[in-house]
There are 2 protein chains.
Amino acid sequence: MTNSSARRSYHHGDLRNALARAAAGLAASGGPDAVTIRGAAREVGVTPTAAYRHFANQADLLLAAQDLAITGMAAAMAGHLSQVPSEGDPVDLAVARLLSTGRGYIQFAVEEPGIFRTCFTGYLDRPEGSDPDLPGRAPYALLGEMLDQLVEVGYLAPEDRPGAEAGPWAAVHGLAMLLIDGPLRGITRAEQEAAVDRTLAMTVRGLATGPEAERRRDR
Amino acid sequence: MTNSSARRSYHHGDLRNALARAAAGLAASGGPDAVTIRGAAREVGVTPTAAYRHFANQADLLLAAQDLAITGMAAAMAGHLSQVPSEGDPVDLAVARLLSTGRGYIQFAVEEPGIFRTCFTGYLDRPEGSDPDLPGRAPYALLGEMLDQLVEVGYLAPEDRPGAEAGPWAAVHGLAMLLIDGPLRGITRAEQEAAVDRTLAMTVRGLATGPEAERRRDR
DNA sequence: CTCCAATGTGAACGCCGTAAACTTTGCAGG
DNA sequence: CCTGCAAAGTTTACGGCGTTCACATTGGAG
């Protein structure tokens with residue numbers, strides 16, 4: 001886990017990135033609370049105060065770890081999504097893509113709880129009117145595409161499209177939180193998968209407001 | 001904020017409860033991370049080490065704060081639920097009660113984020129096969145009753161009842177988390193309410209698998 | 001070649017959790 | 001009544017954390 005590239009000179013040369021990577025590693029194993037200036041510095045083999053040449057404070061370092069975490073999560077979800085077959089009935093396909101996105105989200109949370117939690121930490125003390133393109137929005141954008149496709153194929157009613165992200169995102173995010181940090185932690189793997197299936201089924205059914213969805217229900 | 005009952009003698013007499021209440025206060029204003037042995041002791045006007053006569057460690061104190069937090073949350077939700085009218089169409093009523101429960105959950109999270117977060121913290125390092133009646137299950141039980149009622153009135157199909165808690169709970173919990181700690185933090189109140197409405201609507205629609213639900217859809 | 005700005009180190013402060021040794025106190029039994 | 005013990009607080013101390021300030025080293029611009 002320790003960074004292999006030993007420091008050769010007084011000046012590190014890439015300390016900022018090295019610290020950020022170390023911070024991400026700490027986050028992966030211990031969650032955001034484990035992201036510590038002293039810990040990251042120790043990992044890199046440098047004095048704690050050196051970190052202050054590159055990060056304003058611990059929150060700033062955590063932010064860098066968060067960037068890496070979000071990148072990792074986006075990559076994992078993209079990989080998961082890419083395995084969905086791309087041929088077949090358009091409605092089935094759009095639904096399958098939404099399901100895959102949700103499943104990928106939850107699976108990442110369960111497999112990498114530290115990173116997942118790091119993705120969604122630190123919004124508390126963010127400067128007021130700061131970057132509206134907040135991190136953590138990557139899944140949001142991806143979800144938006146899925147919903148657009150659902151509208152295109154007639155599964156989701158167009159009038160229900162605006163603001164439709166909230167529901168599915170909440171369902172998937174909530175289940176992830178309950179599974180890794182909450183009261184559902186510790187349930188068996190089978191129970192876990194059942195909970196995921198039930199939640200996704202409810203979500204998909206809850207979005208079925210379009211004409212194509214009605215037609216399918218009547219069959 | 002400081003506890004008014006000043007200590008009159010060397011022995012406090014009710015230090016454990018006083019510390020627990022102080023811890024809950026800290027949790028309310030600063031979340032679970034603010035629950036600190038030294039902080040609670042300071043609040044009560046006692047030496048930090050005195051706390052160790054009543055709590056094994058900081059996690060133990062946090063657990064006590066969590067108990068109070070969960071009690072408070074349950075009370076708030078019960079109060080919210082009690083305002084639902086008790087007469088009218090049975091299906092409407094059952095749905096209204098589910099909606100009120102969900103709305104109460106989210107509203108409490110938004111109004112008391114520190115307490116809410118404290119309710120769902122500390123599951124990470126809980127002893128392995130400990131109390132299966134985990135805290136945080138109170139909402140779970142309440143939700144179970146709502147779902148039972150939905151089955152009774154024919155809105156939710158009986159075969160979909162087992163394990164049906166996961167979906168609604170996840171949706172409501174997830175939205176709460178996104179609103180208070182996540183990327184949805186900082187949206188306007190109107191946007192917030194829209195997100196809640198959309199999420200609850202999706203949830204209720206997603207549970208509509210019973211005969212009575214179909215009949216209503218056809219009208 | 002020189003000097004300065006960037007980048008690192010060392011020592012120190014106050015906060016935290018926690019342990020060990022000590023002190024105060026209420027109360028049980030003679 | 002009084003004696004002594006166990007319960008409940010206090011004092012002191014350790015290490016880890018974030019953070020600051022003064023200082024050391026270095027690479028590269030002029």
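Chain identifiers are assigned alphabetically (A, B, ...) following the order of the sequence lines, protein sequences preceding nucleic acid strands; residue numbering begins at 1 within each chain. Source: prediction; values computed, not measured.
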Please give, in whole Å, the distance from D:dG16 P to A:I37 CD1?
17 Å
Would B:T199 and B:V172 count as a side-chain contact (heavy atoms from CB on, under 4.5 Å) here? Give the steps.
CA-CA 8 Å; B:T199 300; B:V172 158; 5.8 Å; no
Nearest to the side chain of A:R42 - D:dG16, D:dG18, C:dC15?
D:dG16
Please state how far atom CG in B:L19 lies from atom C1' in D:dA8, giving the value in whole angstrom units.
12 Å
How many whole angstroms separate atom CD of B:E43 from atom P of C:dC15?
15 Å
In chain order, what residues pass the side-chain contact (heavy atoms from CB on, under 4.5 Å) check against A:A24, with sequence neighbours excluded?
A:L68
For residues 95-106 of chain B, run the donor-acceptor check on the side chains, cut-off 3.5 Å, and write out each pair with its distance to 0.1 Å, sequence neighbours left out.
unit_1, atom_1, unit_2, atom_2, d
B:R97, NE, B:Q149, OE1, 3.1
B:S100, OG, B:H80, O, 3.4
B:S100, OG, B:H80, ND1, 3.3
B:T101, OG1, B:R97, O, 2.8
B:R103, NH1, B:D197, OD1, 2.9
B:R103, NH2, B:D197, OD1, 3.4
B:Y105, OH, B:W169, NE1, 3.0
B:Y105, OH, B:H173, ND1, 2.8

When you get a sec, tell me which of D:dG18, D:dT19, D:dT10 is the closest nucleotide to the side chain of A:N57?
D:dT19
A:D14 and A:N17: side-chain donor and acceptor closer than 3.5 Å?
yes
d(OH, B:Y52; P, C:dA21) in whole Å
17 Å
Using a cut-off of under 3.5 Å, enumerate the N/O to N/O pairs linking the protein to nucleotides 23-28 of chain C.
unit_1, atom_1, unit_2, atom_2, d
C:dT23, O2, B:Y10, OH, 3.1

Under a 3.5 Å distance rule, please check whether A:R117 uses its side chain to pair with a backbone N or O of A:E112 as donor and acceptor.
no
Starting at atom CD of B:Q58, determine the distance to atom P of C:dT18, rounded to an integer number of angstrom.
7 Å
From the candidates C:dT18, D:dT10, D:dT20, the one with an atom nearest any side-chain atom of B:A50 is D:dT10
Write down the distance between CG (B:L62) and C1' (C:dG17), rounded to a whole number of angstrom.
14 Å
If the condition is salt bridge (Lys or Arg N to Asp or Glu O under 4.0 Å), which residues does B:R16 pass it with, not counting sequence neighbours?
none
Separation of atom CG in B:L61 from atom C1' in C:dT18, rounded to whole Å
14 Å
Would you check, one step at a time, whether the test side-chain contact (heavy atoms from CB on, under 4.5 Å) holds for A:V110 with A:Q192?
CA-CA 10 Å; A:V110 170; A:Q192 230 179 75; 3.7 Å; yes
Figure out the CG/C1' separation between B:L26 and C:dC15, and round it to whole Å.
14 Å
Any non-hydrogen side-chain atom of B:L207 less than 4.5 Å from a side-chain atom of B:D160?
no
Residues in side chain to side chain donor-acceptor pair (under 3.5 Å) contact with A:E165, at least two apart in sequence or another chain:
A:R161
Sort me out a list of protein N/O and nucleotides 12-14 of chain D N/O pairs below 3.5 Å, or just none if empty.
none

